[in-house]
Amino acid sequence: MELKSTTKVHRMVVTQGGVMQTQKFNYADSTWFKYILSCGAATVAELATYPLDLAKTRLQIQGEQGLSGRSQVSQGTLIMNSKHSMYRGMFSTCYGIIREEGMVKLWQGITPAIYRHFVYSGTRMVLYENARDQLFTVRPDGTRPVWQAVIGGIVIGGISQFLASPADLVKVQMQMEGRRRLEGKPPRVHSAGEAFLKIYGQGGMRALWKGCMPNVYRSALVNLGDLTTYDSVKRLFITQWGFSDTYWTHGLSSMVSGFVSAILGTPADVMKARIMNQPTDEHSRGLLYRNSLDCLLKTIQNEGFMALYKGFLPCWLRMGPWSLTFWITYEQIRNMCGTRAF
């Protein structure tokens, strides 16, 4: 279906022969319109899968070494009351949150998460599509070199996440507020707006980008797994395997991209969550980890290599449904609005 009455206008152009001709311009194919569509699809996907993201963050942070060098869980500083047990898996984490904090807390921190996607998802989608259509090489069979898609996905993912990092910082800290209150600790923030102002007041603009680099690394890898994989796999299915450009193809491509994203992004996601959640001094310097490499080495030394994949199952089970929801929603909205398929 095309919204011709709202998305198309006529404009006069001059051809090489000097003849004036009327050309149709579709607003649905403009960059700003695609930006809005990608933000809308990302919001739908975030609302549907956010509880899994919350569970993943809780699992990744538990067990890290505290300032005293002792495990916060084992020494009782993370669990202040004996009736609260250490999280053992995604579903037990979600159940524990519901039991101890209430159903609504499964969406704690959703506001900055949506803000983040209005920067991250919108930016990465339009930048990648423009780069693909204008810079990538097109082979005779319609495919494009994978190496170009890989480089484009990594660079664009990193840039987009750098811009959205402050919103991600607020999201991670708000996700842990319910747990802090169960521990008997005073709440750090009560809303996303208060969190932004408090972080800025304590450390200025620099503090808003705390944990920025592991976040950028993670998003570069996740974008490679999600956006680049989806685009490449979808085109492979259509050009080589003879699939039609339908929601079945979109769904299958998104499932592959979600799995690859989880494998590539989980270690960096663990580093990001721990660095963003750690306490800081008056100069916004971390008290647990100096940088991403320090966090990586301490995590492996204290908890083993597989600690880098803490929360992998919820990460995968979250990225899979998120990718599935986002891509099907995005492709269908584009089709309904008369925008060319991605």
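FYI, the numbering just counts along the sequence from 1.
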Scan side-chain atoms only and decide if Thr246 and Trp248 contain a donor-acceptor pair under the 3.5 Å cut-off. no
Hey, are Asp226 and Ser323 close enough side-chain-wise for a donor-acceptor pair under 3.5 Å? yes
Co-membership, hydrophobic cluster, residues Trp316 and Leu324, 4.5 Å side-chain: no
I'd like to know if Leu169 and Met205 are part of one continuous hydrophobic network [Ile/Leu/Val/Met/Phe/Trp/Tyr, side-chain heavy atoms within less than 4.5 Å]. yes
In Å, rounded to the nearest 0.5 Å, how long is the span from [atom1] of [X] to [atom2] of [Y]?
{"X": "Tyr128", "Y": "Ile156", "atom1": "OH", "atom2": "CD1", "result": "7.5 Å"}
{"X": "Ile151", "Y": "Leu224", "atom1": "CD1", "atom2": "CG", "result": "10.5 Å"}
{"X": "Ile300", "Y": "Leu308", "atom1": "CD1", "atom2": "CG", "result": "4.5 Å"}
{"X": "Phe237", "Y": "His250", "atom1": "CZ", "atom2": "NE2", "result": "12.0 Å"}
{"X": "Asp29", "Y": "Cys337", "atom1": "CG", "atom2": "SG", "result": "10.5 Å"}
{"X": "Met103", "Y": "Glu101", "atom1": "CE", "atom2": "CD", "result": "12.5 Å"}

Salt bridge or not between [X] and [Y]? Use side-chain N to carboxylate O under 4.0 Å.
{"X": "Lys298", "Y": "Glu303", "value": "no"}
{"X": "Glu331", "Y": "Lys234", "value": "yes"}
{"X": "Arg144", "Y": "Asp231", "value": "no"}

Okay, side chain of [X], backbone of [Y]: is any donor-acceptor separation there less than 3.5 Å?
{"X": "Ser165", "Y": "Gln161", "result": "no"}
{"X": "Thr266", "Y": "Phe312", "result": "no"}
{"X": "Trp209", "Y": "Pro166", "result": "no"}
{"X": "Asn223", "Y": "Gly153", "result": "yes"}
{"X": "Ser219", "Y": "Val216", "result": "no"}
{"X": "Tyr35", "Y": "Phe118", "result": "yes"}
{"X": "Thr123", "Y": "Ser160", "result": "no"}
{"X": "Glu129", "Y": "Phe342", "result": "no"}
{"X": "Glu46", "Y": "Ile114", "result": "no"}
{"X": "Thr329", "Y": "Thr325", "result": "yes"}

For a side-chain contact (heavy atoms from CB on, under 4.5 Å) check, start with the C-alpha distance between Leu297 and Leu293, then their side-chain angles and the critical distance, and finish with the verdict. CA-CA 6 Å; Leu297 295 177; Leu293 180 59; 4.1 Å; yes
Apply side-chain contact (heavy atoms from CB on, under 4.5 Å) to the pair Met125 and Leu227, showing each step before the final yes or no. CA-CA 8 Å; Met125 295 302 297; Leu227 185 52; 4.0 Å; yes
Work out which heavy atom in [X] is nearest to a heavy atom in [Y]; give both atom names and the distance.
{"X": "Asp245", "Y": "Ala341", "result": "OD2-CB, 3.2 Å"}
{"X": "Ala167", "Y": "Phe196", "result": "CA-CZ, 3.8 Å"}
{"X": "Leu37", "Y": "Ile333", "result": "CD2-CG2, 3.2 Å"}
{"X": "Leu135", "Y": "Gln148", "result": "O-OE1, 4.5 Å"}
{"X": "Lys171", "Y": "Ala113", "result": "CD-CB, 3.5 Å"}
{"X": "Cys212", "Y": "Phe162", "result": "SG-CD1, 3.2 Å"}

Tell me whether Tyr115 at atom OH has more than 12 heavy atoms from other residues, nucleotides or ligands lying less than 6.0 Å away. no
State, with a plain yes or no, whether a side-chain heavy atom of [X] is found less than 4.5 Å away from one of [Y].
{"X": "Met271", "Y": "Ser292", "result": "no"}
{"X": "Tyr50", "Y": "Asp53", "result": "yes"}
{"X": "Lys34", "Y": "Tyr330", "result": "yes"}
{"X": "Met213", "Y": "Arg218", "result": "no"}

Test side-chain contact (heavy atoms from CB on, under 4.5 Å) on Phe243 and Leu252 and set out the steps. CA-CA 11 Å; Phe243 287 18; Leu252 183 59; 3.9 Å; yes
Looking at Tyr230, does the NZ or CZ of Arg235 lie under 6.0 angstrom from its six-membered ring centre and within 45 degrees of the ring axis? no
Within 45° of the ring axis of Tyr120 and under 6.0 Å from its six-membered ring centre, is that where the NZ or CZ of Arg116 lies? yes
Please state whether the rings of Phe326 and Trp322 are parallel, tilted or perpendicular, taking 30° and 60° as the class boundaries. parallel
